[in-house]
Amino acid sequence: MKIATWNVNSLKVRQQHVIDWLELSHVDVLCLQELKMPDEKFPRAELAEKGYRSWFAGQKTYNGVAIIVRDGIEVDETQIVRNIPGFADEQQRLIALTVGGARIVSAYFPNGQAPGTEKFAYKLRWLDALAQWLKDELHVHPKLALLGDYNIAPEDRDVHDPKAWEGQNLVSPEERAAFFKLVELGLVDAFRQFEQPEKTFTWWDYRMLAFRRNAGLRIDHILLSPELAQACTLCEVDKTPRKWEQPSDHAPVIAQLG
DNA sequence: ATGGCAATGAGACATTGA
């Protein structure tokens with residue numbers, strides 16, 4: 001089973017990119033973030049026509065997450081989860097579903113704006129609640145994958161210019177500590193299980209020709225429970241759709257399980 | 001320190017993102 005995550009920065013604008021990339025990449029499960037649309041606008045029928053079922057938690061203007069599954073892959077939706085259980089949140093940032101026997105979590109972590117702000121405090125609270133929930137979830141589902149836009153670059157090698165970024169939002173010690181709390185639960189960064197090209201990133205600012213200069217960050221991740229990490233044979237960033245016309249500022253990350 | 005760009009809602013420009 002091939003799984004992937006992609007922050008599309010508006011599914012309305014990127015709908016055709018998603019359909020084209022599903023065909024191109026042959027992924028079985030695609031987790032999306034930043035749909036920026038209410039549920040009634042989700043292109044369920046268009047995706048169904050192409051051979052995919054969709055589960056989503058959307059809202060107007062901001063946030064919104066989805067899991068898209070290729071027909072023929074077994075889905076158990078009896079234990080579908082929207083948002084972090086026990087964490088009251090107006091913002092639609094998480095959806096979880098059992099696909100092909102694995103617990104698949106699609107998550108859009110808060111941006112945080114800047115250390116010291118109320119949004120940053122919310123980001124840390126959200127991360128804390130996520131870790132608490134995952135601790136239990138991992139016991140129930142030993143095969144678990146947490147895919148999404150984490151809005152955290154875990155290490156300096158995930159940052160194009162670590163000096164310039166030092167202490168800033170997305171790389172601050174508090175955020176990185178929260179990331180490694182997830183690792184302490186037993187989750188494994190699938191990308192780092194394999195040899196990777198230097199300076200591989202998943203997000204590049206639209207401005208200042210950042211993509212052309214490869215001035216990016218690796219903030220989109222696939223974390224796997226030990227059982228799935230063992231089964232994982234490949235993890236890579238696909239920069240292809242970032243080169244298409246009117247792209248999302250993020251590139252998708254893919255992991256092959258088994 | 002600020003802007004650069006893109007998307008949204010609204011119907012000009014403020015807000016958010018990362």
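Since the model is a prediction, treat every value here as computed from it, not as a measurement. Naming: A, B, ... by sequence-line order, numbering from 1 per chain.
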- prompt: Nearest nucleotide by nearest heavy atom, which residue falls closer to the 5' end of DNA chain B, A:E34 or A:M208?
  reply: A:M208

Using whole Å, what does the distance between atom [atom2] of nucleotide [N] and atom [atom1] of [X] come to?
X      : N      : atom1 : atom2 : value
A:H160 : B:dA18 : NE2   : C1'   : 12 Å
A:W203 : B:dA18 : CH2   : P     : 8 Å
A:R207 : B:dG3  : CZ    : P     : 10 Å
A:D220 : B:dG17 : CG    : C1'   : 13 Å
A:N151 : B:dT16 : CG    : P     : 15 Å
A:D205 : B:dA18 : CG    : P     : 11 Å
A:D149 : B:dT16 : CG    : P     : 17 Å
A:L209 : B:dG3  : CG    : P     : 19 Å

Pairwise [atom1] distance for [N] and [M], with rounding to whole Å:
N      : M      : atom1 : result
B:dA18 : B:dC5  : C1'   : 12 Å
B:dG11 : B:dT15 : P     : 14 Å
B:dA12 : B:dA7  : C1'   : 16 Å
B:dA14 : B:dG3  : P     : 12 Å
B:dA10 : B:dG4  : P     : 25 Å

task: Would you mind checking if A:E118 and A:R125 are paired as a salt bridge, meaning a charged N to carboxylate O distance below 4.0 Å?
output: yes

When all nucleic acid strands are considered with a 4.0 Å heavy-atom cut-off, which category describes [X]: base, sugar-phosphate, or nothing?
X      : result
A:N7   : sugar-phosphate
A:K123 : nothing
A:I219 : sugar-phosphate
A:Y108 : sugar-phosphate

field: side chain to side chain donor-acceptor pair (under 3.5 Å) pairs, two or more places apart, involving residues 145-154 of chain A
entry: A:N7-A:D149

Anti/syn call for B:dG4, syn if |chi| within 90°: syn

Tabulate atom names and distances for all N/O pairs under 3.5 angstrom spanning the protein and nucleotides 8-11 of chain B.
{"from": "B:dT8", "atom 1": "OP1", "to": "A:S10", "atom 2": "OG", "distance (Å)": "2.7"}
{"from": "B:dG9", "atom 1": "OP1", "to": "A:T61", "atom 2": "OG1", "distance (Å)": "3.4"}

field: Note, A:Q91 side chain near A:Y108 side chain (heavy atom, < 4.5 Å)
entry: no

message: Taking the side chain as everything from C-beta on, heavy atoms only, tell me whether A:V18 gets closer than 4.5 Å to A:I68.
response: yes

message: Below the 4.0 Å mark, does B:dA7 have OP1 or OP2 next to a side-chain nitrogen or oxygen of A:Q246?
response: yes

- prompt: Do the side-chain N or O atoms of A:Y206 get closer than 4.0 angstrom to the phosphate oxygens (OP1, OP2) of B:dT16?
  reply: no

Evaluation steps, salt bridge (Lys or Arg N to Asp or Glu O under 4.0 Å), between A:R207 and A:D249: CA-CA 10 Å; A:R207 300 162 289 187; A:D249 43 357; over 6 Å; no

message: For A:K41, is there any backbone N or O sitting under 3.5 Å from a side-chain donor or acceptor partner on A:K12?
response: no

- prompt: Between A:H17 and A:W6, what is the ring plane arrangement, given parallel below 30°, perpendicular above 60°, and tilted in between?
  reply: parallel

- prompt: With a 3.5 Å cut-off and no angle check, do the side chains of A:K36 and A:N9 form a donor-acceptor pair?
  reply: yes

